[in-house]
Colleague: 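Here's a structure for you.
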Amino acid sequence: MNQREKILAIVVGACVAFGLVYLLAFKLYLTPAQALDARIDELTQKANKLYEENQTERKQAARLKELALRTYDVDELRASELAR
């Protein structure tokens with residue numbers, strides 16, 4: 001095997017080795033990381049939705065309390081007195 005063939009074999013071997021290392025890294029690190037990123041995005045959206053629902057519930061509870069105070073009262077005795 002002459003010098004040129006040796007260099008060509010080293011270059012081809014290095015390319016094959018690089019390809020195998022890339023595939024191994026892709027399977028071991030990149031694919032699970034992408035799955036985790038997708039799961040994080042999904043859970044973040046779910047948490048934001050729950051937060052918005054919680055804020056809406058608080059606003060509605062405050063509005064209902066104000067409405068109850070304007071119409072009658074939260075206290076049953078005062079409400080019965082005001083209803084008379």
Colleague: For Glu42, which residues count as a side-chain hydrogen bond (donor to acceptor under 3.5 Å, both in side chains) partner, sequence neighbours excluded?
Modeller: Arg39
Colleague: For Gln60, enumerate each residue passing the side-chain hydrogen bond (donor to acceptor under 3.5 Å, both in side chains) test, keeping only those at least two apart in sequence or located in another chain.
Modeller: none
Colleague: Going by the salt bridge (Lys or Arg N to Asp or Glu O under 4.0 Å) test, which pairs reach into residues 4-18, not counting sequence neighbours?
Modeller: none
Colleague: Quick test of your reading: applying salt bridge (Lys or Arg N to Asp or Glu O under 4.0 Å), list the pairs with at least one residue in residues 44-60, sequence neighbours left out, ordered by first then second residue.
Modeller: none
Colleague: Given a cutoff of under 4.5 Å between side-chain heavy atoms of I, L, V, M, F, W and Y, with clusters grown through shared members, what are the other residues clustered with Leu36?
Modeller: none
Colleague: Are Tyr29 and Leu24 connected in a single hydrophobic cluster, I mean Ile/Leu/Val/Met/Phe/Trp/Tyr linked by side-chain heavy atoms less than 4.5 Å apart?
Modeller: yes
Colleague: Please list, chain by chain and in numerical order, all residues satisfying side-chain contact (heavy atoms from CB on, under 4.5 Å) with Tyr22, sequence neighbours excluded.
Modeller: Phe26
Colleague: Got a sec, which residues hit side-chain hydrogen bond (donor to acceptor under 3.5 Å, both in side chains) with Tyr51, two or more places apart in sequence or on another chain?
Modeller: Gln55
Colleague: Which residues, ordered by chain and number, are linked to Val11 in its hydrophobic cluster, where ILVMFWY side chains connect at heavy-atom gaps below 4.5 Å, directly or through other members?
Modeller: Ile7
